K.L.:
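Please see the structure below; I have some questions.
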Amino acid sequence: ALTIEATTSTGDGLVWQTITGVSVAALQSALDAEAQARAAGDAVAMTNWQAVVYSLTNGAALGETAWQNPASAADWTWTSNGREITLTGYSGPNAVVIPDMLDGLPVTGFGGIFAENMNITSVGGGANIKAVGDSAFSWCEALTSVSLPACTTVGIAAFSECVNLNSVSLPACTAVRYTAFQYCGALNSVSLPACTTVGDAVFYNCGNLNSVSLPACTTVGDAAFSGC
């Protein structure tokens with residue numbers, strides 16, 4: 001019979017359980033299938049696979065109920081379409097760490113909840129954030145650093161007027177749109193190793209910018225570096 005030997009929680013919200021008396025391969029296969037069905041939005045298949053997981057574990061707390069939100073979830077409000085999470089509000093520390101997942105679903109967007117926030121100082125985390133929207137961090141005057149490892153697109157004026165921004169890590173970014181970093185006066189070095197397109201006036205009036213690395217870039221827009 002299945003026996004739960006130990007249960008531990010991790011900071012990312014996962015509950016790990018040491019179990020005996022069940023085929024690990026079969027259970028892993030069912031959990032993977034459930035996750036794939038969830039990501040595809042196939043509620044019928046997801047429910048069927050949840051039943052398989054339940055059967056394999058005799059109802060033990062695995063699969064659907066294995067997810068627990070981290071303590072930092074209290075800092076956020078969000079909406080869900082059943083496949084992904086969009087953040088709608090934030091009330092946490094000024095050093096922002098965007099969660100990878102909430103309610104067992106990937107966090108993929110945050111809209112304009114940080115625009116004109118004069119208090120946040122850094123932004124990180126967000127392993128499932130693929131895009132920073134238009135004006136997402138515009139006028140965040142205290143913001144000094146941004147690190148979003150999965151982001152591929154930076155929108156129009158996304159960091160415009162972030163006058164103290166001096167560290168940008170966007171290793172997967174392939175496109176930076178119009179005026180994305182205009183008037184970022186503290187920015188002195190930028191490296192965007194995957195970027196192929198830099199739009200018009202992206203670094204307009206970044207007066208201290210003295211080092212730029214764009215090894216994959218094929219298109220640079222008008223006035224991209226004007227005033228530097």
Side-chain angles (χ1 to χ4, degrees), residues 10-13 68-80 84-103 105-173 175-192 195 199 201-212 227-228:
T10 61
D12 58 7
Q68 292 180 350
N69 281 330
S72 61
D75 298 335
W76 303 89
T77 57
W78 62 87
T79 59
S80 169
E84 58 190 9
I85 297 291
T86 299
L87 301 173
T88 57
Y90 180 70
S91 58
N94 291 332
V96 178
V97 179
I98 297 172
D100 297 341
M101 299 180 73
L102 288 169
D103 292 344
L105 297 172
V107 175
T108 60
F110 51 84
I113 65 174
F114 296 111
E116 300 184 24
N117 184 312
M118 300 295 182
N119 298 311
I120 62 171
T121 57
S122 63
V123 176
N128 296 305
I129 298 294
K130 304 297 185 184
V132 174
D134 296 349
S135 302
F137 294 99
S138 61
W139 292 91
C140 290
E141 294 187 353
L143 185 64
T144 61
S145 67
V146 172
S147 177
L148 294 170
C151 178
T152 60
T153 304
V154 175
I156 296 170
F159 296 96
S160 176
E161 306 279 354
C162 291
V163 294
N164 287 300
L165 183 64
N166 57 41
S167 176
V168 175
S169 178
L170 299 165
C173 183
V176 183
R177 300 187 66 196
Y178 176 72
T179 66
F181 292 97
Q182 70 173 353
Y183 295 107
C184 290
L187 197 61
N188 55 43
S189 178
V190 173
S191 177
L192 297 170
C195 185
V202 163
F203 296 103
Y204 180 79
N205 262 8
C206 291
N208 287 306
L209 187 63
N210 56 43
S211 175
V212 177
C228 296

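All of these numbers come straight from a predicted model, not from anything done at the bench. The chain is numbered in sequence order, starting from 1.
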K.L.:
Taking N208 for its side chain and G185 for its backbone only, find out whether a donor-acceptor pair lies under 3.5 Å.
P.N.:
yes

K.L.:
Find out whether S80 and L105 are in side-chain contact, i.e. whether some heavy atom of one side chain is under 4.5 Å from a heavy atom of the other.
P.N.:
yes

K.L.:
Side chains of N128 and V107, heavy atoms from C-beta outward: is any pair under 4.5 Å?
P.N.:
no

K.L.:
Please round to the nearest 0.5 Å and tell me the distance separating atom CG of L165 and atom OG of S160.
P.N.:
11.5 Å

K.L.:
Please name the residue in the list I85, T86, L87 that meets the side chain to side chain contact (heavy atoms under 4.5 Å, CB included) test with T79.
P.N.:
T86

K.L.:
Decide yes or no on side chain to side chain donor-acceptor pair (under 3.5 Å) for E161 and S138, but give the supporting numbers first.
P.N.:
CA-CA 6 Å; E161 306 279 354; S138 61; over 6 Å; no

K.L.:
Parallel, tilted or perpendicular: which fits the ring planes of W76 and Y90, with parallel below 30° and perpendicular above 60°?
P.N.:
tilted

K.L.:
Do F181 and N205 have side-chain heavy atoms sitting under 4.5 Å apart?
P.N.:
no

K.L.:
Can you confirm whether I120 sits close enough to F137 that some side-chain heavy atom of one is under 4.5 Å from a side-chain heavy atom of the other?
P.N.:
yes

K.L.:
Specify the closest pair of heavy atoms between A180 and V154, including all atoms of both residues, with the distance to one decimal.
P.N.:
CB-CG1, 3.8 Å

K.L.:
Please check if the number of heavy atoms outside Y178 that lie under 6.0 Å from its OH is greater than 12.
P.N.:
no

K.L.:
Could you tell me whether a side-chain N or O of D100 sits under 3.5 Å from a main-chain N or O of A127, the two making a donor and an acceptor?
P.N.:
yes

K.L.:
Return the SG to CG distance between C228 and N188, rounded to the nearest 0.5 Å.
P.N.:
11.5 Å

K.L.:
Among V176, T152, V190, L192, whose side chain to side chain contact (heavy atoms under 4.5 Å, CB included) with L170 holds?
P.N.:
L192

K.L.:
Please report the shortest heavy-atom distance between C173 and A175, naming the atom on each side.
P.N.:
SG-O, 3.5 Å

K.L.:
Are any of the side-chain heavy atoms of S169 and P171 separated by less than 4.5 Å?
P.N.:
yes

K.L.:
Do you see a donor-acceptor pair shorter than 3.5 Å between the side chains of W78 and D103?
P.N.:
yes

K.L.:
Looking at M118 and A142, what are the two nearest heavy atoms and their distance?
P.N.:
O-CB, 3.4 Å

K.L.:
Measure the spacing between CG of D134 and CZ of R177 and express it to the nearest 0.5 Å.
P.N.:
5.5 Å

K.L.:
For a side chain to side chain contact (heavy atoms under 4.5 Å, CB included) check, start with the C-alpha distance between V163 and Y183, then their side-chain angles and the critical distance, and finish with the verdict.
P.N.:
CA-CA 6 Å; V163 294; Y183 295 107; 5.5 Å; no

K.L.:
Determine the sole option in T144, T121, L187, L143 for which the side chain to side chain contact (heavy atoms under 4.5 Å, CB included) test with N164 is passed.
P.N.:
T144

